[in-house]
Amino acid sequence: MDEELHERVREIIATIPAGRVATYGDVAAAAGAPTPRLVGRILAEDGQDVPWHRVLRANGTPAPHLVHRQLELLRGEGVLADGQRVDLRRYRWQPE
DNA sequence: AGGCTGACGCGGC
DNA sequence: CGCCGCGCCAGCC
């Protein structure tokens, strides 16, 4: 696999400030990942030590299996969700 | 080689 | 809201 990309993705996610979020697509684009799926995968296997909870899907909802946990962590940073959906227009952070 | 599976995204109906 | 299909790609049979 691509260790370079792997690290870049993690670095970018580490950049997202508390109280803000980014989408898989945003991270993928900033990291030069070929597809957002890669981002999800990298997080699945190596995302424990980065603010993974600040990464949402394009519609503002978290990945299905961690909705609860994730929204809870976000709520702790002041990111409120309407049901399961976070208002991206308000909290979205553009990674560089 | 071929098929399936995802922490995805987007456009269509 | 929901469902469907298609594109994407690394890993693991």
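Just the heavy atoms: all of them, side chains too, but no hydrogens, waters or symmetry mates, feed the values below. Each chain gets a letter, A, B and so on, in the order its sequence line appears, and its residues count up from 1.
Cluster membership check: A:Leu66 shares its hydrophobic cluster with A:Val27, using side-chain heavy-atom separations under 4.5 Å among Ile, Leu, Val, Met, Phe, Trp and Tyr. Residues A:Leu80 and A:Val55 do not share a hydrophobic cluster, clusters being chains of Ile/Leu/Val/Met/Phe/Trp/Tyr side chains in contact below 4.5 Å.
Using a 3.5 Å distance cut-off with no hydrogens or angles, the side chains of A:Glu72 and A:His53 do not pair a donor with an acceptor.
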Exercise. Walk me through it: do A:Leu73 and A:Trp52 pass the test side chain to side chain contact (heavy atoms under 4.5 Å, CB included)?
Key: CA-CA 10 Å; A:Leu73 289 171; A:Trp52 57 269; 3.7 Å; yes
Exercise. May I have the step-by-step check of side chain to side chain contact (heavy atoms under 4.5 Å, CB included) for A:Trp93 and A:Val21, ending in yes or no?
Key: CA-CA 5 Å; A:Trp93 164 263; A:Val21 300; over 6 Å; no
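Across the protein-nucleic acid pair, A:Leu5 atom CG and C:dC8 atom P stand 17 Å apart, rounded to whole Å. Note: CD1 (A:Ile42) to C1' (C:dC9) measures 11 Å, nearest angstrom. Atom P of nucleotide B:dA7 and atom CD1 of A:Ile16 are separated by 19 Å, given to the nearest angstrom. Between the NE2 atom of A:His6 and the P atom of C:dA10 there is a distance of 14 Å, rounded to whole Å. Atom OH of A:Tyr24 and atom C1' of B:dG6 are 11 Å apart (whole Å).
Classification of A:Glu77 and A:Arg54 as a salt-bridged pair holds, one side-chain N sitting under 4.0 Å from a carboxylate O. Salt bridge present: A:Arg10 and A:Glu7 bring a charged side-chain N and a carboxylate O closer than 4.0 Å. Of the charged side-chain nitrogens involved, at least one lies within less than 4.0 Å of a carboxylate oxygen, so that A:Arg92 and A:Asp26 count as a salt-bridged pair.
Taking every heavy atom of residues 46-70 of chain A and every atom of DNA chain B, pairs under 4.0 Å involve A:Trp52, A:Arg57, A:Ala58, A:Ala63, A:His65, by number. Within residues 83-96 of chain A, no residue has any heavy atom closer than 4.0 Å to DNA chain B.
For A:Arg41 and C:dA10, a side-chain-to-base donor-acceptor distance below 3.5 Å is present, hydrogens and geometry of angles not being considered.
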